[in-house]
A.B. asks: 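Let me begin by handing over the structure; questions about it come next.
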Amino acid sequence: MKGITYVRGDATAPQAKGVKIVAHVCNDLGGWGKGFVLAVSRRWSEPEAAYRRWHRERAGNDFGLGAAQFVQVEPYVWVANLIGQRGMRTGRSSGVPVRYEAIGAALGLLADRAAELGASVHMPRIGCGLAGGSWARVEPLVLRRLVERGIPVTVYDFGA
């Protein structure tokens, strides 16, 4: 078992051969407009459209904390919309929106899909930006749900 590979770069431009899944955390309100999703939307329009449709039709699907949606954006690239954030942080908010249990559940679904596709997984430090989470709490979830199952994982820190 290898660990997580950490690189500087853009997670929306995954550096690997074969099938790749770009994973990120979304909120459970249907909001898409700040943080890493902006980079996703600059590169591909399909993940945002699929997420908004998934939320709009939530009465008849599995949308909610711990769910995962997989959107193919290129022949060998998928985007995983992982619902791991309860609401959004506002000026009046107390506490953080991240939900570690939901991220863990969504990572389990991601591992199943990655294994099915023979894919590697690429992500920023999910749940640690606008969701307000701690990488010290998210990293063990990534190790347990993905790396221990033999899924190659690369985490991207944006910048030079």
Side-chain angles (χ1 to χ4, degrees), residues 1-28 31-48 50-51 54 63-86 88-89 96-160:
M1 175 183 84
K2 293 170 66 175
I4 298 169
T5 301
Y6 290 89
V7 299
R8 287 218 171 276
D10 180 357
T12 68
Q15 304 301 306
K17 294 192 183 322
V19 179
K20 299 166 277 296
I21 302 174
V22 175
H24 68 108
V25 166
C26 302
N27 65 66
D28 65 350
W32 181 291
K34 289 186 177 178
F36 183 72
V37 298
L38 296 177
V40 170
S41 289
R42 273 193 297 275
R43 189 157 316 257
W44 309 287
S45 61
E46 300 93 341
E48 178 180 357
Y51 169 79
W54 189 30
F63 184 93
L65 285 171
Q69 179 188 51
F70 302 95
V71 183
Q72 189 167 14
V73 294
E74 294 177 17
Y76 296 98
V77 181
W78 294 72
V79 171
N81 294 329
L82 311 177
I83 310 298
Q85 180 181 328
R86 163 78 70 203
M88 292 181 274
R89 195 185 296 198
V96 294
V98 69
R99 294 296 180 266
Y100 297 108
E101 309 76 28
I103 290 174
L107 287 172
L109 297 171
L110 173 58
D112 292 343
R113 181 58 63 96
E116 178 185 304
L117 295 171
S120 56
V121 172
H122 304 263
M123 64 178 71
R125 293 181 189 242
I126 60 170
C128 298
L130 295 173
S134 157
W135 187 246
R137 295 206 38 204
V138 175
E139 184 184 44
L141 298 171
V142 173
L143 289 168
R144 189 165 50 253
R145 299 291 186 155
L146 296 166
V147 175
E148 287 180 9
R149 286 191 55 189
I151 309 294
V153 175
T154 302
V155 171
Y156 295 73
D157 288 314
F158 194 73

A.B. asks: Restricting to non-hydrogen atoms, name the atom on G35 and the atom on L130 that form the minimum distance, rounded to 0.1 Å.
C.D. replies: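 Closest approach of G35 to L130: N-CD1, 3.5 Å.
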
A.B. asks: Test of understanding: with side-chain hydrogen bond (donor to acceptor under 3.5 Å, both in side chains), list the residues that count as partners of S120, not counting sequence neighbours.
C.D. replies: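 Applying side-chain hydrogen bond (donor to acceptor under 3.5 Å, both in side chains) to S120 gives H122.
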
A.B. asks: In Å and rounded to the nearest 0.5 Å, what is the CG to CD1 distance from L141 to I126?
C.D. replies: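 One gets 8.0 Å once the value is rounded to the nearest 0.5 Å.
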
A.B. asks: What pairs meet the side-chain hydrogen bond (donor to acceptor under 3.5 Å, both in side chains) rule with one or both residues in residues 64-83, with sequence neighbours excluded?
C.D. replies: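 Pairs touching residues 64-83 that pass the test: H24-N81, W44-E74, Q69-N81.
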
A.B. asks: Looking only at heavy atoms, which two atoms of N27 and Y51 are closest? And how far apart?
C.D. replies: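 Taking N27 first and Y51 second, the nearest heavy atoms are O-OH, 2.7 Å.
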
A.B. asks: Can you name the nearest heavy-atom pair linking V37 to K34, along with the distance?
C.D. replies: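 So the two residues come closest at CG2-O, 3.2 Å.
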
A.B. asks: Quick one: which residue pairs count as a side-chain hydrogen bond (donor to acceptor under 3.5 Å, both in side chains) with a foot in residues 127-138, not counting sequence neighbours?
C.D. replies: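 For residues 127-138: Y6-W135.
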
A.B. asks: Specify the closest pair of heavy atoms between M123 and A23, including all atoms of both residues, with the distance to one decimal.
C.D. replies: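 Heavy atoms of M123 and A23 come nearest at CB-O, 3.3 Å.
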
A.B. asks: Taking all non-hydrogen atoms of both residues, which atom of A119 and which atom of I151 are closest, and how far apart?
C.D. replies: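 The pair with the smallest heavy-atom distance is O-CG2, 3.9 Å.
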
A.B. asks: Just distance, no hydrogens or angles: give the donor-acceptor pairs under 3.5 Å from side chains in residues 103-117, sequence neighbours left out.
C.D. replies:
residue	atom	partner	partner atom	Å
D112	OD1	R149	NH1	2.6
D112	OD1	R149	NH2	3.2

A.B. asks: Can you pull out every salt bridge (Lys or Arg N to Asp or Glu O under 4.0 Å) where at least one residue sits in residues 76-86? Sequence neighbours excluded, please.
C.D. replies: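 Of all non-adjacent pairs touching residues 76-86, those that pass salt bridge (Lys or Arg N to Asp or Glu O under 4.0 Å) are D28-R86.
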
A.B. asks: Taking side chain to side chain contact (heavy atoms under 4.5 Å, CB included) as the test, write out the residues that go with A11, two or more places apart.
C.D. replies: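 With neighbours one apart ignored, the set is F36, P124, Y156.
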
A.B. asks: Work out which heavy atom in A50 is nearest to a heavy atom in V71; give both atom names and the distance.
C.D. replies: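 Looking at all heavy atoms of both residues, the closest pair is CB-CG2, 3.6 Å.
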
A.B. asks: I'd like to check the salt bridge (Lys or Arg N to Asp or Glu O under 4.0 Å) partners of R43; sequence neighbours left out, ordered by chain and number.
C.D. replies: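 So R43 forms a salt bridge (Lys or Arg N to Asp or Glu O under 4.0 Å) with D10.
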
A.B. asks: With sequence neighbours excluded, tell me which residues meet side chain to side chain contact (heavy atoms under 4.5 Å, CB included) with A102.
C.D. replies: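 Side chain to side chain contact (heavy atoms under 4.5 Å, CB included) list for A102, sorted by chain: L65, R99.
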
A.B. asks: I'd like to know whether E139 forms a side-chain contact (heavy atoms from CB on, under 4.5 Å) with I4, so could you lay out the CA-CA distance, the side-chain angles of the two residues, the decisive distance to 0.1 Å, and finally the verdict.
C.D. replies: CA-CA 9 Å; E139 184 184 44; I4 298 169; 3.8 Å; yes

A.B. asks: Please identify each residue that fulfils salt bridge (Lys or Arg N to Asp or Glu O under 4.0 Å) with E48, with sequence neighbours left out.
C.D. replies: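 So E48 forms a salt bridge (Lys or Arg N to Asp or Glu O under 4.0 Å) with R52.
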
A.B. asks: For R145, give me all partners under side-chain hydrogen bond (donor to acceptor under 3.5 Å, both in side chains), at least two apart in sequence or on another chain.
C.D. replies: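 R145 satisfies side-chain hydrogen bond (donor to acceptor under 3.5 Å, both in side chains) with no residue once adjacent residues are dropped.
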
A.B. asks: Any side-chain heavy-atom pair from V73 and P47 closer than 4.5 angstrom?
C.D. replies: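 Side chain of V73 against side chain of P47, heavy atoms only: contact under 4.5 Å found.
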
